[in-house]
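Single-structure report; data block below.
Note: hydrogens, waters and symmetry copies are ignored here, and every other heavy atom, side chains too, is used. Note that the structure is predicted; figures quoted are calculated from it, not measured. Just so it is clear: chains get the letters A, B, ... in the order the sequence lines come, proteins before strands, and each one is counted from 1.
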Number of protein chains: 2
Amino acid sequence: MDMEARLHADHGDELRLWLRMLTCTQLIEQRIRSRLRERFATTLPRFDLMAQLERVPEGMKMTVLSKRMMVTGGNVTGITDQLEAEGLVQRVPVEGDRRALLIRLTPAGRKVFATMALEHEQWIVQALGGLSAREVETLYKLLGKVKQHVKQSEPEGA
Amino acid sequence: MDMEARLHADHGDELRLWLRMLTCTQLIEQRIRSRLRERFATTLPRFDLMAQLERVPEGMKMTVLSKRMMVTGGNVTGITDQLEAEGLVQRVPVEGDRRALLIRLTPAGRKVFATMALEHEQWIVQALGGLSAREVETLYKLLGKVKQHVKQSEPEGA
DNA sequence: TCGCGATTATTTAGGTTTCAATAATCGCAG
DNA sequence: CTGCGATTATTGAAACCTAAATAATCGCGA
């Protein structure tokens, strides 16, 4: 077996794991998307944005929001436009910085989100129902290692 | 603690795990996307399609391809159009069924993919470098449980 | 053989996401 | 206080993805 072939063989496990991670998340994600659409006529990105805001009552700047959601700023602008038009979030000027805007849930938005979040959580519990509490914990810890390693290697600018 | 609050508390672990799964895959996925763009001026969906074809030299029908890639048929049509225009894949009529087409890599496509795949695998190994071989195995098995449970519950039709 | 439901691929319209460019503002160095 | 690089949000162009409609073909049952 030459070096190149050995290299390949040695790394097959990582590749298999990665593909399985992708399969699992896509499987669950698609299920959640379709349920959000059927039950609440909304989309995952909209739900995500509201979920982020829910944790911070005073609101968040769009840059922070885009980092947390791991999407581009332009994307956040678009989703915010929609939710604002529906009265679920509002843009609030930031005192002392005329560039920035704080996005926050309106009372109506908070109410709507509460309903969705409750059901959403049940979907997740159901999706992960094949695991024991101990296995959930193990998975959580191992993925924590992955997350940490990925984030520390190459934070930005190779 | 009332029932609703308890319910919430009991299921917090699953939700946390789900969010972490999402974070990990998105983190890695985005890194791969940007590297595919920088290094090979291509995209993840195009890479994915070629990766599927690579495993089956005789080619695959578009329906099979769309199921494996977990995207819609129309999407596969679009990506195939691009790759075909670049001479990386070709559409081959199926003997005995004039509806179906076999998509397969051209020799040029196979060559291009081989180069990308080698580097791609290194990226994955690097991303998962924070784990021991044993941890990779554990993660793989646990995610296998998740995958199986999600797939068996509600295969289709509520 | 005929007809009809199912399968296969494509098209269409609409929404999502990214990247890059733009415009406004900030804050600091001089 | 002036200018200039950095930050903030938005916009525009292009790619991606979906769902639903369309068109061609298949294959089976009567």
- Query: CG/A:L83 to CD1/A:I103 distance, rounded to the nearest 0.5 angstrom?
  - Reply: 10.0 Å

- Message: Quick check for you: to the nearest 0.5 Å, what is the distance between B:C24 atom SG and A:K151 atom NZ?
- Response: 9.5 Å

Residues in side chain to side chain contact (heavy atoms under 4.5 Å, CB included) with [X], at least two apart?
X      : result
A:E119 : A:R39, A:F40, A:W123
B:E135 : A:L142, A:K145, B:L131, B:S132
A:K111 : none
B:Q82  : B:R46

- Task: For DNA chain D, note the earliest and the latest nucleotide, 5' to 3', having some atom under 4.0 Å of a heavy atom belonging to chain B.
- Result: D:dC16 to D:dC26

Sequence neighbours excluded, every pair satisfying side chain to side chain donor-acceptor pair (under 3.5 Å) that has a member inside [range]:
range                     : answer
residues 64-78 of chain B : none
residues 89-98 of chain A : A:D81-A:R91, A:E84-A:R91, A:D97-A:R99
residues 47-56 of chain A : none

- Mind listing the residues from residues 46-68 of chain A sitting with a heavy atom below 4.0 Å of DNA chain C? Number order is fine. none

- For B:T23 and A:M70, the nearest pair of non-hydrogen atoms, with its separation, is CA-CE, 3.5 Å

- Query: Which residues within residues 79-100 of chain A lie with some heavy atom under 4.0 Å of an atom in DNA chain D?
  - Reply: A:R91, A:R99, A:A100

Hey, what are the protein-to-nucleotides 18-22 of chain C N/O distances that come in under 3.5 Å?
{"from": "C:dT18", "atom 1": "OP2", "to": "A:T72", "atom 2": "N", "distance (Å)": "3.0"}
{"from": "C:dT18", "atom 1": "OP2", "to": "A:T72", "atom 2": "OG1", "distance (Å)": "3.2"}
{"from": "C:dT18", "atom 1": "OP2", "to": "A:N75", "atom 2": "ND2", "distance (Å)": "3.3"}
{"from": "C:dC19", "atom 1": "OP1", "to": "B:R37", "atom 2": "NH2", "distance (Å)": "2.7"}

- B:R104: what forms a salt bridge (charged side-chain N to carboxylate O under 4.0 Å, His left out) with it, not counting sequence neighbours? none

- Query: Is it true that atom CD of A:Q148 has more than 12 heavy atoms of other residues, nucleotides or ligands lying nearer than 6.0 Å?
  - Reply: no

